[in-house]
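Worksheet: the structure to be examined is printed underneath.
Numbers restart at 1 for each chain; the letters A, B, ... are given by sequence-line order, proteins then strands. The figures that follow rest on heavy atoms only: side chains count, while hydrogens, waters and symmetry mates do not.
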There are 2 protein chains.
Amino acid sequence: MIESGNAESIRRGGGTGRLKAIKSVLRGRIDDGEYTAGKRLPSERQLCDEFETSRVTLHEILIQLETDGLIYREDRRGWFVSPTRFVYNPQSRGHFQMSASEQGRKPGTVVIDKAIVVPPPIVRELLDLGPDQELARIRRVRSINERSILYVEHYCIPEVFPGLFDHDLSVSMTELYREVYGFHYGRMKYRIMPTAVTGEAAGFLRVSNGSPALLVARVNHSIDERVRDCDLEYWRHDAVLIEVDVEAG
Amino acid sequence: MIESGNAESIRRGGGTGRLKAIKSVLRGRIDDGEYTAGKRLPSERQLCDEFETSRVTLHEILIQLETDGLIYREDRRGWFVSPTRFVYNPQSRGHFQMSASEQGRKPGTVVIDKAIVVPPPIVRELLDLGPDQELARIRRVRSINERSILYVEHYCIPEVFPGLFDHDLSVSMTELYREVYGFHYGRMKYRIMPTAVTGEAAGFLRVSNGSPALLVARVNHSIDERVRDCDLEYWRHDAVLIEVDVEAG
DNA sequence: GAGTGGTCTAGACCACTGG
DNA sequence: CAGTGGTCTAGACCACTCT
């Protein structure tokens, strides 16, 4: 006797279709503006009632819409409709504030801390350092219209920029290097890859542990080709669009 | 009477910790090489038994490792350890095959189809077209070591490249344009953003519907500054690392 | 046909937010 | 304190792959 082959399990049926169907209804409401940018969606439990589904299923749907970049969540606060992406050009150095204003948004920068540290392996590799070399690290969070979208770790060689920590670090690091230290840039290299944010980084961005993100790692060289500093930038994956113009090649 | 407040629910306990703990065990096995690149992980049910957890939970853990880029899945076939990322420079045109060989991998290209179509909105916007303009579309899938990692849609103005469909389209489009049509490139613009693949694109990449991906959209201009063609490239999010060198700016 | 992942249910407790 | 998302259970059926 298979007890479970009853009316109950038949009613559930429908299989694959449900998830996609609910997803497209929600997508429609976002497109139509019923749920508008920056506003909170109804709670998961409310949506469960409306669509007569379980929380696990609904959670899964929301995660897929998050992956799409249509909505985002703030840890334990709710789900929100994603605003238009911030357009970012990694080749134009230090223009976060200017770009934001040009795009009609309100930029913000918060310095989390500054310290002399042994950098993580990826930074050692990028800067071609020995295992014990210590660097100055500045950690910042940048926001657009009060929403944190970028967590950055700056690393540089402390001897090259003496007294760095005494300056206002909430502005463009590039400008600081140039105006205070008379430092001019030469070559730059950057890497971009999808990743996930965990631990502290997730906390600073107010996203759930393990949320998708876009990592942009940049290495700056001086005019005489020496490695000088680098950034690790973790962008909320739904908040950024990278755009680069390249002259004739 | 609250029936559920029994020994059973207490035993479950542990709360938040479980997921993270199991995740780090699996991560360790990948780092240690117990699970090696390209090999299948034990089945979800086996892992459930081993860690004494439910399939939903284990599935969630695997999805987080996927977001991290450590593992990937092939739809209904299983979970696999991700190989090293393919390094890609969007500014060097048409070097997929060459880059792959340089990185010691075996490249492959399959042409899915070729047709004259009305392009999707994003292409119309990129190429600045009217709503009824038709374009030639070529769809291809590119692989590294037999693993499909890139799904591309090429769009170009058919009048500019007559007889295009009669050529071998499994090679570099850039070379074809240059060698057959004597076409040389000027400016290029590209956009990069995290997104999700659905529908056909997911099928071609053999990933589950709604998997994360990296979209690279490129627009090519001729030397006299006219828009000529564009690509929409959907990369498996765990399979690519974009690297760009920029000369002094 | 056996095995796999994909989807789904109907609950439960936990950690945190915000009034 | 009520409400939210985050995590978790112990099952079930479905769609597909592989042999």
query: With nearest nucleotides of DNA chain D determined for G78(A) and V56(A) from heavy-atom distances, which residue corresponds to the more 5′ nucleotide?
result: G78(A)
Distance in angstrom units between [X] [atom1] and [N] [atom2], rounded:
X      : N       : atom1 : atom2 : result
E74(B) : dG6(C)  : CD    : P     : 11 Å
I63(A) : dG6(C)  : CD1   : C1'   : 14 Å
R55(B) : dG5(C)  : CZ    : P     : 7 Å
R73(A) : dT17(C) : CZ    : P     : 15 Å
I61(B) : dC8(D)  : CD1   : C1'   : 10 Å
E66(A) : dG5(D)  : CD    : P     : 13 Å
L62(A) : dC8(C)  : CG    : P     : 13 Å
W79(B) : dG3(C)  : CH2   : C1'   : 17 Å

Check: D168(B) side chain, S170(B) main-chain N or O, donor-acceptor pair, under 3.5 Å: yes
- prompt: Is R236(A) reaching over with its side chain to a backbone N or O of Y72(A), donor-acceptor style, under 3.5 angstrom?
  reply: no
- line: Note: contacts of residues 41-54 of chain A with DNA chain D (heavy atom, under 4.0 Å) are S43(A), E44(A), R45(A), Q46(A)
field: Basic-acidic side-chain contact under 4.0 Å: R29(B), E50(B)
entry: yes
message: Could you measure the distance from the CD atom of E102(B) to the NE2 atom of H95(B)? Nearest 0.5 Å is fine.
response: 8.5 Å
task: Test R206(B) against S148(B) for side-chain hydrogen bond (donor to acceptor under 3.5 Å, both in side chains), laying out the working first.
output: CA-CA 7 Å; R206(B) 303 199 69 163; S148(B) 300; over 6 Å; no
query: Quick one: which of dT4(D), dC8(D), dG6(C) gets closest to the side chain of R76(B)?
result: dG6(C)
message: Less than 4.0 angstrom between a side-chain N/O of H59(B) and OP1 or OP2 of dG6(C), yes or no?
response: yes
query: Looking at the rings of W235(A) and Y88(A), which for Trp means the six-membered one, are their centres under 6.0 Å apart?
result: yes
query: Hey, do the aromatic rings of F86(B) and F96(B) have their centres closer than 6.0 Å?
result: yes
